[in-house]
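The sequence lines fix the lettering, A, B, ..., with proteins before strands; numbering per chain opens at 1. These numbers come from the heavy atoms of this one structure, side chains and all, not from hydrogens, waters or symmetry mates.
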Number of protein chains: 2
Amino acid sequence: MEQVDIFKALSNKTRLQILAWLKEPEKHFPVQECGEFNKTGVCVGHIQQKTGLTQSTVSEYLSMLQRANLLVATRMGQWTHYKRNEEAIKELAQHISKEL
Amino acid sequence: MEQVDIFKALSNKTRLQILAWLKEPEKHFPVQECGEFNKTGVCVGHIQQKTGLTQSTVSEYLSMLQRANLLVATRMGQWTHYKRNEEAIKELAQHISKEL
DNA sequence: TCGAAAAATCGACAAATTCCGATATCTTTG
DNA sequence: CAAAGATATCGGAATTTGTCGATTTTTCGA
């Protein structure tokens with residue numbers, strides 16, 4: 001995954017919005033029966049509802065963000081949870097301030 | 001200019017390359033008759049030659065980077081010089097580490 | 001003031017991205 | 001194992017981006 005692909009992943013309002021929501025899941029998503037979102041994140045269905053886009057679109061967006069290493073996916077039974085990769089986001093900020 | 005437009009401006013290899021070259025102009029560009037590049041930057045023609053793309057493409061890329069506030073343009077007679085906006089780049093890094 | 005150099009803008013078209021609906025895969029449960 | 005729910009993948013229409021060549025605008029110098 002190259003630098004430019006990380007920026008491409010961030011070049012879309014919905015995807016930026018998803019990253020923002022996942023910063024405070026408890027504020028933006030209903031309680032899940034399927035696991036604490038602080039640990040493994042929020043399931044695709046909840047994120048999809050919030051965006052108003054179709055399931056397929058949101059699924060693709062999430063995997064794009066994951067490929068850019070900005071999100072981490074965890075399969076929890078029939079659900080896939082996504083959460084932010086805070087480490088990678090910090091590294092991106094550092095990279096921009098030093099290398100860009 | 002919105003957040004997402006900054007990332008769009010960065011979503012292209014050539015534009016990232018231009019930003020990188022402008023970090024150390026004396027290393028990447030020939031001496032100019034038209035001004036010190038540490039002060040006002042490098043003229044469009046030199047940047048264009050280095051990219052190998054056409055003049056129109058590079059001119060558009062530069063103004064896109066300027067619209068995103070990542071570059072500053074200075075008209076010097078018949079030349080336009082572009083240099084990095086280090087301030088804005090630092091702010092972007094901060095924004096990513098705090099707000100993204 | 002005219003012509004040439006530098007840069008910006010315009011019009012076009014191919015390639016990439018956005019987003020959808022349909023279908024396939026995986027997982028749980030009866 | 002079959003059905004149902006959650007997610008992933010596929011194929012495509014519409015929009016945006018990448019990039020070009022041609023033209024226009026700006027500025028300098030003869």
Within residues 65-75 of chain B, the residues having a heavy atom closer than 4.0 Å to DNA chain D are B:R75
To the nearest angstrom, the CE-C1' distance between A:M76 and C:dT27 comes to 13 Å
Nearest heavy-atom contact between B:R84 and B:E86 is NE-OE2, 2.7 Å
Residues A:H46 and A:V42: closest non-hydrogen pair is CB-CG1, 3.8 Å
Would you say the side-chain atoms of A:S59 and A:S56 include a donor-acceptor pair closer than 3.5 Å? no
In short, A:M1 meets A:D5 closest at the heavy-atom pair SD-CB, 3.1 Å
note: B:I47, atom CD1; C:dA7, atom P; distance rounded to Å ~ 9 Å
Separation of C:dT17 atom P from A:R15 atom CZ, nearest Å, is 9 Å
note: A:I18, atom CD1; C:dT18, atom C1'; distance rounded to Å ~ 13 Å
Numerically ordered, the residues 50-60 of chain A set in heavy-atom contact under 4.0 Å with DNA chain D is A:Q55, A:S56, A:S59, A:E60
Rounded to whole Å, CE of B:M64 lies from P of D:dT17 at a distance of 8 Å
Taking the inter-plane angle between the rings of B:F29 and B:W21 on a 0 to 90° scale, is it parallel (under 30°), tilted (30 to 60°) or perpendicular (over 60°)? perpendicular
Looking only at heavy atoms, the pair that brings A:L19 and A:L70 closest together is CD2-O, 4.2 Å
Ignoring backbone atoms, test whether B:Y61 places a side-chain nitrogen or oxygen under 4.0 Å from the OP1 or OP2 oxygen of D:dT17. no
*Would a 4.5 Å heavy-atom cut-off, applied to side chains only, mark B:K8 and B:M64 as touching?*
no
**Prompt:** Quick one: do the B:T14 and B:T51 side chains pair a donor with an acceptor below 3.5 Å?
**Reply:** no
query = Quick one: do B:K13 and A:E2 make a salt bridge, cutoff under 4.0 Å?
reply = yes
To the nearest angstrom, the CH2-P distance between B:W79 and C:dA8 comes to 14 Å
In whole angstroms, the gap separating C1' of C:dT17 from CZ of B:F7 amounts to 18 Å
Whole-Å distance, A:Q48 CD to C:dG21 P, equals 11 Å
Result for 5'-nearest mapping on DNA chain C, choosing between A:N12 and A:Q78, is A:N12
